[in-house]
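Notes follow the structure.
In this text the structure is predicted, and so the values were computed from the model without any measurement. Heavy atoms only: backbone and side chains are in, while hydrogens, waters and symmetry mates are out. Letters A, B, ... mirror the listed sequences (proteins, then strands); counts begin at 1.
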Protein chains: 2
Amino acid sequence: VGSVKEAVVSAVRPHLPEGVHFVPGHPLAGTEHSGPYSGFASLFENRWSILTPVEGTDPDAVARLRAFWEACGSNVDIMDADHHDLVLAIVSHLPHLIAYNIVGTAADLEEVTKSEVIKYSAGGFRDFTRLAASDPTMWRDVFLSNKDATLEILGRFTEELFALQRAIRRGDGDHLHAYFTRTRAIRRGIIEAGQDTAAPNFGRVAEKKT
Amino acid sequence: VGSVKEAVVSAVRPHLPEGVHFVPGHPLAGTEHSGPYSGFASLFENRWSILTPVEGTDPDAVARLRAFWEACGSNVDIMDADHHDLVLAIVSHLPHLIAYNIVGTAADLEEVTKSEVIKYSAGGFRDFTRLAASDPTMWRDVFLSNKDATLEILGRFTEELFALQRAIRRGDGDHLHAYFTRTRAIRRGIIEAGQDTAAPNFGRVAEKKT
């Protein structure tokens with residue numbers, strides 16, 4: 001398992017002994033915490049695992065791994081390693097990079113103190129800090145080994161960011177309103193697919209003053 | 001109340017009748033849902049409200065509003081309208097813009113389908129969709145009326161993004177690791193200040209397969 005497939009497949013495949021089947025797989029599940037003690041019994045329930053078998057892999061080996069993930073409660077999809085890496089660049093790698101980026105930007109401001117950022121984080125900022133608390137070593141390695149797909153997706157992101165920036169500068173409210181409207185459908189789709197909670201605020205328990 | 005202060009103060013102040021005190025205020029609390037029916041009893045508990053009284057406001061009027069917010073369970077800070085708008089640009093306006101941006105980018109990809117983005121959103125993407133489901137009309141107006149501070153903060157964000165992009169392109173793992181390490185302290189500060197939950201995954205309840 002791991003968040004990048006093409007680099008791993010290229011490195012491992014030449015060294016496989018005769019009769020050994022290598023079926024790379026990746027469960028799309030987890031929290032900001034790493035390591036075996038961060039697991040919990042329902043971690044894979046209604047999540048998706050992706051298998052990226054290479055050409056010539058024994059179909060029986062793939063079927064056994066599919067059965068394994070399904071036994072863990074996971075759904076299973078099969079795709080090419082290349083496509084996996086592009087999909088992961090948008091659903092996982094870019095979000096982590098941007099989360100680190102926005103938290104890092106806040107930490108660097110001179111005009112606004114860290115204490116202000118922390119106190120007022122319920123304005124929206126705090127949602128980014130969960131991903132930005134993920135393991136630095138793991139994420140360094142993800143970006144170094146999925147460089148091409150990350151840079152490709154990052155290019156798209158930056159283009160749209162500049163269009164939004166221009167709309168703000170020029171006072172183009174129609175562009176902003178249209179853009180902000182069409183993103184709602186994806187949130188709705190995610191909730192309908194059971195991939196997030198419909199409870200406001202991620203279902204966070206409201207904290208009592210102590 | 002409202003997320004931008006300087007524009008409102010400039011517009012309202014010349015029209016205040018004699019003896020009427022105008023104390024702009026803004027609670028840093030709320031969810032992705034708008035309107036009176038989105039309120040709940042503990043909404044302001046251990047959150048912060050910011051008051052931005054203008055010069056010459058009766059201190060008694062400010063004290064009464066402070067008492068009002070404190071009675072709602074909120075902490076209260078007082079600052080200039082200008083500083084308020086800069087603080088909000090980093091803790092709220094930029095995060096919303098970037099959330100809309102990243103969800104919009106995903107919706108526009110040809111190589112990765114919307115259905116894939118939705119299925120695999122637990123990879124990190126889904127965290128951005130909460131903010132991107134906020135009210136489009138309100139957010140259009142926020143960006144149009146807090147243009148200068150938003151563009152200033154956006155400039156800082158883009159600078160750091162380009163530095164990260166260059167590090168990925170050049171394989172500069174040290175830059176990435178150092179950047180990803182220092183963002184953790186802010187997450188820790190937010191949890192210690194009771195502004196978010198320490199439970200993994202925002203304390204989301206793990207969904208059971210249906």
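- Interface remark: B:Ala193 contributes side-chain atoms only to the contact with chain A (heavy atom separation under 4.5 Å).
- Looking at B:Asp77 and A:Lys119, a side-chain N of the basic residue comes within less than 4.0 Å of a carboxylate O on the acidic one, giving a salt bridge.
- Heavy atoms of A:Ser134 lying under 4.5 Å from chain B belong exclusively to its backbone.
- With a 4.5 Å cut-off on non-hydrogen atoms, A:Leu164 touches chain B through its side chain but not through its backbone.
- When heavy atoms are compared at a cutoff of 4.5 Å, A:Ile186 approaches chain B by way of both its backbone and its side chain.
- Options B:Asp141, B:Asp148, B:Val112 differ in how many heavy-atom pairs under 4.5 Å they form with chain A, and the most are formed by B:Val112.
- Using a 4.5 Å cut-off between heavy atoms, A:Thr181 contacts chain B through both its backbone and its side chain.
- Side chain to side chain, B:Ser74 and B:Glu70 fail the donor-acceptor criterion of an N or O pair below 3.5 Å.
- In this view, B:Val23 and B:Leu51, B:Pro53, B:Thr57, B:Ala61, B:Val62, B:Leu65 satisfy the side-chain contact (heavy atoms from CB on, under 4.5 Å) rule, not counting sequence neighbours.
- Only the side chain of A:His33 comes within contact range of chain B, judged by heavy atoms closer than 4.5 Å.
- Interface remark: A:Met79 contributes side-chain atoms only to the contact with chain B (heavy atom separation under 4.5 Å).
- Both the backbone and the side chain of A:Ala132 have a heavy atom closer than 4.5 Å to some heavy atom of chain B.
- At a 4.5 Å heavy-atom cutoff, the contact between B:Leu94 and chain A is made by backbone and side-chain atoms alike.
- Contact annotation for A:Ile191: neither backbone nor side-chain heavy atoms come within less than 4.5 Å of a heavy atom of chain B.
- For B:Trp139 and B:Tyr100, the ring centers are positioned 6.0 Å apart or more.
- Within the 4.5 Å cutoff, the side chain of B:Arg140 has heavy atoms near those of the B:Thr137 side chain.
- There is a side-chain donor-acceptor pair under 3.5 Å between B:Thr129 and A:Arg187.
- Ion pairing between a basic and an acidic side chain is recognised when a charged N comes within 4.0 Å of a carboxylate O; A:Asp196 and B:Arg204 show such pairing.
- Of the two parts of A:Asp135, the backbone and the side chain both hold a non-hydrogen atom closer than 4.5 Å to a non-hydrogen atom of chain B.
- Both the backbone and the side chain of A:Phe143 come within contact range of chain B, with heavy atoms under 4.5 Å apart.
- B:Ser3 and B:His93 share a side-chain donor-acceptor pair at under 3.5 Å.
- Considering only heavy-atom pairs separated by less than 4.5 Å from chain B, the leading option among A:Arg169, A:Lys114, A:Glu159 is A:Arg169.
- Heavy-atom distances place the backbone of A:Ala199, and not its side chain, under 4.5 Å from chain B.
- Both the backbone and the side chain of A:Ile90 come within less than 4.5 Å of a heavy atom of chain B.
- Of the two parts of A:His83, only the side chain, counted from C-beta on, holds a non-hydrogen atom closer than 4.5 Å to a non-hydrogen atom of chain B.
- Applying the salt bridge (Lys or Arg N to Asp or Glu O under 4.0 Å) rule to pairs touching residues 86-111 of chain A yields A:Asp108-B:Arg182, A:Glu110-B:Arg156, A:Glu111-B:Arg156, sequence neighbours excluded.
- Heavy atoms closer than 4.5 Å to chain A are found in the side chain of B:Phe128, but not in its backbone.
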Tell me, with the steps shown, if A:Tyr120 and B:Gln195 meet side chain to side chain donor-acceptor pair (under 3.5 Å). CA-CA 8 Å; A:Tyr120 310 136; B:Gln195 298 302 312; over 6 Å; no
